[in-house]
Protein chains: 2
Amino acid sequence: MTGVPDSRLVGDLPVTSPADAAAAHVGDDDTLVVSGFGSVGDPKAVPGALADAAEAGRDLSLTVVSGGSTGAPIDTRLFEADAVARRYPFQGRQESRRAINDRDVAFHDTHIARLGDQVELGALADADTAVVEAVAVGEDWLVPSTSIGQTPAYVAAADRLVVEVNHAQPLDLADLHDVYRPGLPPDRDPIPLDSVDGRIGDARLDFDPEKLVAVVETDDADTPYSFREPTDVDERIADHFADFLEAELRRNPAMCETIRLQFGVGSMGNALMGALAAFDDGGRDVEYFGEVVQDGMLDLLADGTFQSASATSLALSEDGQERLFDDIQAYTENLVLRPADVSNRAELVDRFGVVAVNSAVEVDIYGNANSTHVDGRRLLSGIGGSGDFNRNGLLSITALPSTAAGGDVSRIVPAVTHVDHPEHDVSVVITEHGVADLRGLSPVERAETLVADCAHPDYRERLHAYLDHATDERGHIPHDPDAAYDWLD
Amino acid sequence: MTGVPDSRLVGDLPVTSPADAAAAHVGDDDTLVVSGFGSVGDPKAVPGALADAAEAGRDLSLTVVSGGSTGAPIDTRLFEADAVARRYPFQGRQESRRAINDRDVAFHDTHIARLGDQVELGALADADTAVVEAVAVGEDWLVPSTSIGQTPAYVAAADRLVVEVNHAQPLDLADLHDVYRPGLPPDRDPIPLDSVDGRIGDARLDFDPEKLVAVVETDDADTPYSFREPTDVDERIADHFADFLEAELRRNPAMCETIRLQFGVGSMGNALMGALAAFDDGGRDVEYFGEVVQDGMLDLLADGTFQSASATSLALSEDGQERLFDDIQAYTENLVLRPADVSNRAELVDRFGVVAVNSAVEVDIYGNANSTHVDGRRLLSGIGGSGDFNRNGLLSITALPSTAAGGDVSRIVPAVTHVDHPEHDVSVVITEHGVADLRGLSPVERAETLVADCAHPDYRERLHAYLDHATDERGHIPHDPDAAYDWLD
């Protein structure tokens, strides 16, 4: 089966209603592995029913493992109901963030690309119950909805499977899906994908029918994204990015035919897409090989700026959902949704020569980037896939505003308070002030270009003063931790 | 051609003698890309002649790019002659280290796996002259000697090629070589290697005959390694490693048939090999997929403890050189030398499920590892391939003694002074005191197991005190930079 199934429920299925009956299949201290990535395609009814049960007195102590960020039923309601003991590896809601930073909930972060393997091999936790949203289900298969994420690995790993068939998600999302399962070592084969929009799998995900304990019907749309308009700073960063890319493609033989880009979700992503619409690619193909499809990508695909896009999630606004859902067939030729352990896989990111563009909380003058923790302490969301693309791509670009807090804080700092991407994995930094190309530079040279070309003018003098002070002593990397962390006190 | 060539010089070659005539092909401010990895297989005569010329007054300002560490002609003599302006990306000799830490020479570090691409794509430097050691050369091919390293990429990237044919290296090293060139994006194919000892290339490396400007004959053996005997601490670490691995292979389905290991060079590597000789693998195949073959590996291959080994360099003692060189044919079935951009490639490290074992200068209580800079300032050697294997392998193990400086310094610290391997890339830490399995743990849990199971007993109380102090404030990662860096003052 590779096309749209005829109906949403096929065969003899354990349809369970209401959802709280399905929730009874979940043990009090289960490890739940759930669908969802980019806060879409996550299960809604069963987590909601579990939260209801916890509020009514059921003593839950769940480990919740998702592929990426999930919506309110998991990261708001289950957290408010005090039902979560552990949460892996990414979250982005106020309630989950607060509980993790209060250390009421144990959080462990890992790279998206490795997550499926880790769960399937029992290296993170033993998966008890998979709770997965689908647009259709049979006795031994399901079709994921608006994200694929780590659903294939999680369903394979779990002892039990609960499927939520969401009638609010179009059935023909199936036509976007390419579910391919990389095997496990030592018998993992090369992934036979040779183009961004190639198809090597199936629309549906097969599972062991013995696992299926409940099917719940729902009718809850994903919460649509609402992106703020790109700011002037976002747009200046995007313009610098487009200028840099135009210069790079003239000199880089790996970009002579095709440019493959990854960038993250958010207003910066929208600004990049705006800049790319006016970008002179010299006739090359421009393709997206990343995690999330945003509204702007639908425009770029429609007007031919981008030839194709591969992702694992549809992070769309209400308007974007409508546009795509009303005309999915218009996109099935050049838009593909894949499992996250394919979309982010080192092998493909390397082979396709992906140019990675990711943001950060702060970057230090030697090129180390912090993308997860404010002040080295407070978790924002998680590393997500940024390391997958920064580490294994052709070129890694960290794009961020030069300041935060209305200009009160420099994001170019003497030493980051948490390192997610070491200096070795950060090639180019872009702020609204310019571009620092760090390739081949020594630490002091990196510091000089980062301060001169990327730091906000208000902070350049103080950053220079730190560098001058630190260079008083010998050493390959001038470094004085006391001064580094005191500098903005 | 896949076997041993009939003679060392084949065809009409620009044989140049003495080496200083060949050195005249090198421009004063050339970027030299050189063979050599693990301090073997590096060119000896031409760098020596360049050092002589510099000492005699020639004003050289070279950029020297190697695949890994090189020997005295480059990293001692050229540095002493003040002939090097820039050095990429790894070195390990006193003179080069001193010049880099004095910031007289600009040093830039990068992951081994990405280095070949970066040079070939002009992203680090434009390669002017390749100077390469070979055991044989023809008009458009050469056979590398005791290391392959990044020689294939460098020869492809350089405008000119100088070959040193070293009569002291056996001609039938050719039978160990499997020179395969990954293509460049966007047309890079999957690497068709499906076993550690598989062969997908050729003994020889082809090049554009127009590039060959000089062939120099030499007769200089590699400087043999002399490893110190493993200490009691090394052996206790190795025993913990073997115990951990035995437990892991009982639970990890990816290890049910085969265990593939990478570990570094040095006395720790020798201790690991000692422990593996007595290791109960339950009948599984044990294979090495790493960078360097050391003496102990010859034993393990000979006695059947290891079924096969793949590397890019032969880091042998005088005794090991003799054993191998006198009987190369005994090893050609299960020992393969590959280019470093194959041996370290993310795709293969992932696909083969490599268990990476690497050392570090220090590890902090949250699992971040520093493997390159003492006090965050002073460069030791470089990151080498540790990040290639830690990042993309099935499991990354950081193995290190719990203290340095005769016990005066704890290597388990509140915060590392330089991050090479972020917490996301460090799964297990082993010291002589035990094993901390960090998978799935929150930061505070990681800190507790690292202090309890890995720190030296003399430092546990102070580390706990830091953790207690830092946990006074909320935050996912308890962190107080001032206290962290002051704690051992």
Side-chain angles (χ1 to χ4, degrees), chain A residues 88 100-103 106-111 121-125 184-186 188 190-192 251-254 257-258 260 346-347 350-353 368 373 375-379 383 387 391-392 394 417-420 422 424 439-442 444-445 473-479 481-482 485, chain B residues 88 100-103 106-111 121-125 184-186 188 190-192 251-254 257-258 260 346-347 350-353 368 373 375-379 383 387 391-392 394 417-420 422 424 439-442 444-445 473-479 481-482 485:
Chain A
Y88 305 153
I100 289 163
N101 282 319
D102 285 345
R103 299 192 294 271
F107 178 80
H108 179 86
D109 200 357
T110 193
H111 300 290
L121 295 171
L124 267 187
L184 290 172
R188 172 173 281 155
I191 296 180
R251 59 150 296 281
N252 193 328
E257 296 164 28
T258 307
R260 287 164 177 154
E347 173 180 347
D350 172 31
R351 197 193 304 158
F352 286 164
N368 301 286
H373 287 81
D375 293 334
R377 306 178 64 100
R378 282 180 294 123
L379 178 72
I383 193 169
R391 175 66 179 87
N392 290 303
L394 178 67
T417 52
H418 187 266
V419 177
D420 294 288
H424 317 291
R439 292 174 290 180
L441 300 188
S442 73
V444 171
E445 292 168 336
E473 277 186 58
R474 64 188 285 269
H476 175 234
I477 302 182
H479 181 55
D482 287 340
Y485 296 111
Chain B
Y88 306 154
I100 290 163
N101 283 319
D102 285 345
R103 298 191 293 271
F107 178 80
H108 179 86
D109 199 356
T110 193
H111 300 290
L121 295 171
L124 267 188
L184 290 172
R188 171 173 281 154
I191 297 181
R251 58 150 296 283
N252 193 327
E257 297 165 27
T258 306
R260 287 164 177 154
E347 173 180 345
D350 173 30
R351 197 193 303 158
F352 286 164
N368 301 286
H373 287 81
D375 294 334
R377 304 177 65 99
R378 281 179 294 124
L379 178 72
I383 192 168
R391 176 66 178 85
N392 290 303
L394 178 66
T417 52
H418 187 264
V419 177
D420 294 288
H424 317 292
R439 293 174 289 180
L441 300 187
S442 73
V444 172
E445 292 168 336
E473 276 187 59
R474 65 188 285 270
H476 175 235
I477 301 182
H479 182 56
D482 288 341
Y485 296 110

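Quick note on labels: first sequence line is chain A, next is B, and so on, each numbered from 1. FYI, side chains are in, hydrogens and waters are out, and symmetry mates aren't considered; it's all heavy atoms of this structure.
- Contact detail for A:Leu441 and B:His108: the closest heavy-atom pair is O-ND1, 2.6 Å.
- Taking both residues in full, the closest heavy atoms of B:Pro190 and A:Glu347 are given as CB-OE2, 4.4 Å, listed atom of the first, atom of the second, then distance.
- Across A:Asp350, A:Asp102, A:Ile100, the residue that shares the most heavy-atom pairs under 4.5 angstrom with chain B is A:Asp350.
- Annotation: maximal heavy-atom pairing with chain B below 4.5 Å, among A:His476, A:Arg251, A:Arg188, occurs at A:His476.
- Looking at B:Arg391, its side chain never comes within 3.5 Å of a backbone N or O of B:His424 through a donor-acceptor pair.
- Interface remark: A:Arg103 contributes side-chain atoms only to the contact with chain B (heavy atom separation under 4.5 Å).
- For a residue to count as touching a neighbouring chain, one of its non-hydrogen atoms must lie under 4.5 Å from one of that chain's; by this rule B:Ala125 does not touch chain A.
- Annotation: the span from B:Leu379 atom CG to A:Ile477 atom CD1 amounts to 8.0 Å, rounded to 0.5 Å.
- In terms of heavy-atom pairs under 4.5 angstrom with chain B, the leader among A:Leu394, A:Ile383, A:Asn368 is A:Ile383.
- Taking A:Arg378, A:Glu473, A:His418, A:Arg439 one by one and counting their heavy-atom pairs under 4.5 Å with chain B, the maximum is reached by A:Glu473.
- Heavy atoms closer than 4.5 Å to chain A are found in the side chain of B:His373, but not in its backbone.
- Using a 4.5 Å cut-off between heavy atoms, B:Val444 touches chain A through its side chain atoms alone.
- The residue among B:Ala106, B:Gly376, B:Ala346 with the most heavy atom pairs within less than 4.5 Å of chain A is B:Gly376.
- Using a 4.5 Å cut-off between heavy atoms, B:Phe107 touches chain A through backbone and side chain atoms alike.
- Using a 4.5 Å cut-off between heavy atoms, B:Leu184 makes no contact with chain A at all.
- When all heavy atoms of A:Pro186 and B:Ala254 are compared, the closest pair comes out as CD-O, 3.4 Å.
- Here the closest non-hydrogen pair linking A:Gly353 and B:Pro185 is CA-CB, 3.5 Å.
- Residue with the most contacts toward chain B among A:Asn392, A:Asp420, A:Leu124: A:Asn392 (heavy-atom pairs, distance under 4.5 Å).
- Among A:Asp109, A:Asp375, A:Thr417, A:Ile191, the residue making the largest number of heavy-atom pairs under 4.5 Å with chain B is A:Asp109.
- Looking at B:Glu445, the atoms closer than 4.5 Å to chain A (heavy atoms on both sides) all sit in the side chain, from C-beta outward.
- Interatomic distance, A:Arg260 CZ to A:Glu257 CD, rounded to the nearest 0.5 Å: 9.0 Å.
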